[in-house]
Each structure stands twice: as structure tokens, then as C-alpha cells.
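This report concerns only the one structure given below.
The shown structure was predicted, so the numbers you read here are calculated from the model rather than taken from an experiment.
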Amino acid sequence: MGDIPLHEHLRHHAHTTPDKPAIIWYGRAISYAELDTLSEKFAVVLRNLGVRKGEPVALFMQNCCQYVIAHFGIQKLGAIVSPCSPLFKQHELAYQLGDLGAKVIITADNLTDVVSAAQPHTRIQHVITTRYSDFLPEVPSYTPPEEVVKSATAQGTGTIDFCTALENVDCMARAESCSLDDIAMLVYTSGTTGRPKGAMLTYGNVIYK
């Protein structure tokens, strides 16, 4: 296939091996075709919120299906993925979001209090929230940790529900032309020798990350 952006590899697998599992979440299999479709829809969600090519979008959650869906959706827009550690305190999150200048963040429902506290110090306009339990099968193949099963009592005022937003999308994202030299991710350093800094990874870098 040659060197193409990672999300184009996903599209290729969705076409050639559509039923093969791409993710298995406590026994719930998400195929390459389903992951491709869900990430296409999420790209539309972001586009409708005003996200454009080259703009950063923050991800603030543990590893989960929604993280992968969002990651590919962001890249399909030609936007920039910026992961934020789910262990961040308010001031740490506020610093990274402020430095990014991101307008959209996707977060788990049990982290919305941290986002709400940090938001006044950032440019965040839209908060998309999700529950880790949303993609669990009715009978998990093994017992998930409490954090995955338990939902927060509230998802925060004015937030957008991840799964509801996907359900309301009735079209696919138009393809954005991305060069392997375009910036795909901004991953922040640990800040051991100063304030954390955003390390720029290209679409070419991300293929191997």
C-alpha cells in the first residue's frame, strides 16, 4: 500500500477485512468496518462543531473504544490529536489546554469535574463526554474494573453525549487530503526540566507510534 496516513490503513482494512475485530472490549468485538464507520461519524460531529484541518482536539480519558474512535475521527478531519493524562489535576489540564488553544475536548464522565474547573482558563467551547460502560457487552467476558462499570451521577451541564452525537449523524465525513508531513498529534512531555512542551508528531510518525 505504500506510506499512507494511519486512518487510511483503517479504511483499507474496513474494505478488505470488514468483519475482522479491530478492538475487543471485555468481550465486545468492534470490527474494522464498524470502527471505520464510527470514526467517520465522529469526524462529522467534530466538523459540525467547527473543528477544521490543523486544529487541535484534546482527549482526556483512559484507554477505551471511544478513545480510538475519537482519535481516528480527529485524524480523518486532518485535525490534531492531543492526549491529556487522565491522572491530570485541574491546573495540569488547564495548562495543556491553554497551551494548545483547543476548543473541543472529549472526556470520560468521571473526569468532567476536572474539565469544568479547568475550562475557565482555556479556550474550550465544547465538552464531549462519554461513559466507559457504553460499549460493554451485556455479559462481559471477564469482570471490568469499577471505573469502567460505574457511571458518574452527572455528565456536566452543557456537555455533548458521545454516543448520542454519533447516533444523530446521518452522513459520512468528506475525505481530507493529508500529507505524511502534516502534524497529526501533539504529545506533551512530562515537564521534568521545565513546563511540559508539545512534541509534534507527523502523520508519517504516527504510522509507527
Side-chain angles (χ1 to χ4, degrees), residues 1-25 28-84 86 96 100-108 126 128-130 132 134-135 160 162-188 198-209:
M1 290 179 61
D3 284 340
I4 56 175
L6 192 61
H7 58 273
E8 295 296 347
H9 284 281
L10 170 60
R11 284 175 169 143
H12 173 76
H13 287 307
H15 178 72
T16 58
T17 56
D19 299 325
K20 186 175 181 179
I23 301 171
I24 298 178
W25 179 248
R28 159 80 153 89
I30 297 178
S31 69
Y32 278 104
E34 185 178 6
L35 178 58
D36 188 52
T37 297
L38 289 172
S39 57
E40 291 278 353
K41 289 186 173 185
F42 194 72
V44 174
V45 171
L46 294 176
R47 187 185 67 201
N48 291 344
L49 292 177
V51 177
R52 296 295 180 261
K53 183 176 179 179
E55 295 184 352
V57 179
L59 294 179
F60 185 44
M61 65 186 87
Q62 302 280 2
N63 291 336
C64 60
C65 304
Q66 297 93 314
Y67 188 105
V68 181
I69 293 165
H71 181 109
F72 279 113
I74 294 166
Q75 292 201 337
K76 285 179 175 181
L77 275 185
I80 301 171
V81 178
S82 187
C84 304
Q96 182 166 327
L100 275 174
K103 297 178 183 177
V104 178
I105 186 170
I106 302 100
T107 187
H126 304 288
I128 301 174
T129 60
T130 190
Y132 296 126
D134 281 345
F135 282 83
I160 300 165
F162 187 97
C163 288
T164 301
L166 289 178
E167 290 170 2
N168 291 335
V169 171
D170 58 3
C171 62
M172 295 293 127
R174 61 176 178 268
E176 290 286 348
S177 176
C178 296
S179 163
L180 289 177
D181 293 326
D182 289 340
I183 303 303
M185 294 186 71
L186 276 170
V187 181
Y188 275 69
M200 296 183 290
L201 301 181
T202 66
Y203 280 90
N205 296 145
V206 170
I207 294 172
Y208 304 102
K209 182 181 180 302

Nearest heavy-atom neighbours spanning [X] and [Y]:
X    : Y    : value
I160 : A165 : CG2-CB, 4.0 Å
A102 : A58  : CB-N, 4.5 Å
L77  : A43  : CD1-O, 3.5 Å
A14  : D36  : CB-CB, 3.6 Å
Q75  : C178 : O-SG, 4.2 Å

Residue pair V68 / I30, side-chain heavy-atom distance below 4.5 Å: no
Any side-chain heavy-atom pair of F72 and L6 under 4.5 Å: yes
From [atom1] ([X]) to [atom2] ([Y]), nearest 0.5 Å:
X    : Y    : atom1 : atom2 : result
L10  : S39  : CG    : OG    : 5.0 Å
C163 : I128 : SG    : CD1   : 11.5 Å
T129 : M61  : OG1   : CE    : 9.5 Å
Y132 : W25  : OH    : CH2   : 8.0 Å
N205 : D181 : CG    : CG    : 9.0 Å
I23  : Q66  : CD1   : CD    : 9.0 Å

Tell me, please, which residues at least two apart from [X] pass salt bridge (Lys or Arg N to Asp or Glu O under 4.0 Å).
X   : result
K20 : none
E34 : R28
R11 : E8, E40

Which residues pass the side chain to side chain contact (heavy atoms under 4.5 Å, CB included) test with [X], sequence neighbours left out?
X    : value
S177 : none
T37  : K41, M172
I183 : I80, M200, T202
L180 : D3, P5, Y203, I207

Qualifying salt bridge (charged side-chain N to carboxylate O under 4.0 Å, His left out) pairs, either residue in residues 44-69, two or more places apart: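 Qualifying pairs: K53-D182.
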Sequence neighbours excluded, every pair satisfying salt bridge (charged side-chain N to carboxylate O under 4.0 Å, His left out) that has a member inside residues 62-72: none
Just jot down the ring pair (Phe, Tyr, Trp, His ring centres under 6.0 Å) partners of [X], sequence neighbours excluded, or say none.
X    : value
F42  : F162
H13  : Y32
F135 : none

side-chain contact (heavy atoms from CB on, under 4.5 Å) evaluation trace for V81 with V206: CA-CA 11 Å; V81 178; V206 170; over 6 Å; no
Intermediate values then yes/no, side-chain contact (heavy atoms from CB on, under 4.5 Å), H9 and I4: CA-CA 7 Å; H9 284 281; I4 56 175; 3.4 Å; yes
